[in-house]
Amino acid sequence: MSDNIQESFEGTRAAGIIAAGALDEVARIIKPGISTNDIDNLCYEFINDNNAYSAPLFYRGFPKSCCTSANHVICHGIPQNKILSEGDIINVDVTAYKNNWHGDTSRMFHVGEVSVKAKKLTDVTYNSMMKAIDILSKDITLGDIGSTIQTYVEQEGFSVVRDFCGHGIGRVFHQEPNILHYGKKGSGPKLKTGMIFTIEPMINEGNFETKMLNDGWTAVTKDKKLSAQFEHTVGITDKGYEIFTLSKKGLNQPPYST
Ligand code: MF3
Ligand code: CO
Ligand code: CO
């Protein structure tokens, strides 16, 4: 691989490890009674302790260091004093910025014991991301990613959110191309060695319609049913792909029993 690709992979790897490490810490504190601000403080401290910056903090005016999106919140929930209760499901999304490179990742967390349907939604969302990652190579197209996710998710009776997508990432947080989580097999441009982007499917229990809350950030399901999301930052190599945001502790999906 060229020097430039090697440099961007090394940079993204370092940022990705920090973002994933923050989520490993979140797994240790999630329980009924903590607030989403507690999660935010932990992410801020962890990223800071690792000599990195939190990319969301003050990004286009976003006020916090991570996104916390519970139950019917699809994405970009703002940490608050809200206390988590038994049965809640919540996505925590962290982006570390280290030596000018970004690593972006999110996972679902279960607060105490959650419903069977919440568990199924979590599992299907995680599997949809991993099935798409599994097929990554320089020989597939962007449409292959979307169609892999959409086909599987709809077969399981859930829907794929259209209003938000994955993105190229590197020195810039959000860049070309958009990575749609739905689409047609074989459509769109081919991937290329050296590309770095996120796959971050948002999957709804009901239909895929979204609504924006008055804070201008929080996206929720219009039908108020549950939504789930996972996110990895990945890179395309000559041989296949690399995932930059895997958990070093194997805490990639719930249950996170350690
Ligand atoms: N991390 C989110 C993503 O996956 C973006 C968060 S931007 C924020 O792209 F401003 F909402 F934090
Ligand atoms: Co992202
Ligand atoms: Co993210």
- Query: Is the Lys NZ or Arg CZ of R162 less than 6.0 Å from the centre of F208's six-membered ring, within 45° of the axis?
  - Reply: yes
- Message: Using modelled atom types and a 3.5 Å cut-off, is there a donor and acceptor pairing between side-chain atoms of T151 and backbone atoms of T148?
- Response: no
- Message: Would you say that L191 contacts I145 through its side chain, given a criterion of any heavy-atom pair below 4.5 Å between the two side chains?
- Response: yes
- Using a 4.5 Å cut-off on heavy atoms from C-beta on, say whether the side chain of N50 contacts that of K98. no
- Query: Counting only N and O atoms by type, is there a donor-acceptor contact under 3.5 Å from the side chain of Q150 to the main-chain atoms of G183?
  - Reply: yes
- Query: For F230 and N252, which heavy atoms make the closest approach, and how far apart are they?
  - Reply: CE2-O, 3.6 Å
- Tell me whether the centres of the aromatic rings in H76 and F164 are closer together than 6.0 Å. yes
- Query: Does a donor on one side chain sit under 3.5 Å from an acceptor on the other, for S227 and H72?
  - Reply: no
- Message: Do D238 and T193 pair up side chain to side chain, a donor and an acceptor below 3.5 Å, judged on atom types alone?
- Response: yes
- Determine the interplanar angle of the Y53 and Y97 rings, folded into 0 to 90°, and report it as parallel if under 30°, tilted if 30 to 60°, perpendicular if over 60°. tilted
- Message: Working to the nearest 0.5 angstrom, can you tell me the gap between L246 CG and K248 NZ?
- Response: 11.0 Å
- K31 charged N/C atom sitting above F109 aromatic ring, 6.0 Å / 45°: no
- Query: Hey, does the side chain of D93 reach the backbone of C67 with a donor-acceptor pair shorter than 3.5 angstrom?
  - Reply: no
- Query: Within the distance-only criterion (no hydrogens, no angle test), does the side chain of T198 pair as donor or acceptor with the backbone N or O of G166 below 3.5 angstrom?
  - Reply: no
- Query: Does any N or O in the side chain of R107 come within less than 3.5 Å of the main-chain N or O of L251, such that one atom is a donor and the other an acceptor?
  - Reply: yes
- Query: Do D144 side-chain atoms and T141 backbone N/O form a donor-acceptor pair below 3.5 Å?
  - Reply: yes
- Task: Check the hydrophobic clustering (I, L, V, M, F, W, Y; side-chain heavy atoms under 4.5 Å; chains of links allowed) and say if I135 and V153 are grouped together.
- Result: yes
- NZ/NE/NH1/NH2 to OD/OE distance under 4.0 Å, K119 and E113: yes
- Can you get from M202 to F62 by hopping between Ile, Leu, Val, Met, Phe, Trp and Tyr side chains that sit under 4.5 Å apart? no
- Could you state the interatomic distance from OG1 (T68) to CD1 (I39), rounded to the nearest 0.5 Å? 6.0 Å
- Do N204 and T221 meet the criterion of a side-chain donor-acceptor pair at a distance under 3.5 Å? no
- Check: D215 side chain, I78 main-chain N or O, donor-acceptor pair, under 3.5 Å: no
- Task: Would you kindly confirm whether V114 and V26 end up in one hydrophobic cluster when ILVMFWY residues are joined by side chain heavy atoms under 4.5 Å apart?
- Result: yes
- Message: Does the plane of the ring in F244 sit parallel, tilted or perpendicular to the ring in F9? Use 30° and 60° as the thresholds.
- Response: perpendicular
- Taking all heavy atoms of C165 and all of L180, pick out the closest pair and write down the distance. CB-CD2, 3.9 Å
- Message: Is it true that N37 and K64 share a donor-acceptor pair across their side chains at a distance under 3.5 Å?
- Response: yes
- Is it true that the side chains of N91 and S106 contain a donor and an acceptor less than 3.5 Å apart? yes
- Can you check whether S85's main-chain N or O pairs, donor with acceptor, with D88's side chain at less than 3.5 Å? yes
- Examine I90 and V220 and state if one hydrophobic cluster contains both, with Ile, Leu, Val, Met, Phe, Trp and Tyr joined whenever side-chain heavy atoms are less than 4.5 Å apart. no
- Between E200 and Q229, is there a donor-acceptor pair closer than 3.5 Å when you use the side chain of the first and the backbone of the second? no
- Query: Just by distance, with hydrogens left out, do Y59 and H174 show a side-chain donor and acceptor under 3.5 Å apart?
  - Reply: yes
- Item | Minimal non-hydrogen separation, S128 against I149, with atom names | O-CG1, 3.5 Å
- Task: Could you verify whether a donor N or O on one side chain and an acceptor N or O on the other, from N207 and S159, lie under 3.5 Å apart?
- Result: no
- For the side chain of E205 and the backbone of L226, is there at least one donor-acceptor N/O pair under 3.5 Å apart? yes
- Taking all non-hydrogen atoms of both residues, which atom of I199 and which atom of A132 are closest, and how far apart? CD1-CB, 4.3 Å
- Heavy atoms of C66 and D40 approach each other most closely as N-OD1, 3.2 Å
- Item | Rounded distance (nearest 0.5 Å) linking atom OG1 of T125 with atom NZ of K120 | 10.5 Å
- Item | Spatial distance of atom OH (Y241) from atom CG (D134) [nearest 0.5 Å] | 5.0 Å
- Query: Can you check whether H110 reaches P254 side chain to side chain, under 4.5 Å on heavy atoms?
  - Reply: yes
- Message: Which label fits H167 and F173: parallel for a plane angle under 30°, tilted from 30 to 60°, or perpendicular past 60°?
- Response: perpendicular
- Note on the structure: Shortest non-hydrogen pair, I89 vs A118, comes out as CG2-CB, 3.8 Å
- Message: Would you say I236 ends up clustered with M129 if hydrophobic residues are merged whenever their side chains have heavy atoms under 4.5 Å apart, either directly or through other cluster members?
- Response: yes
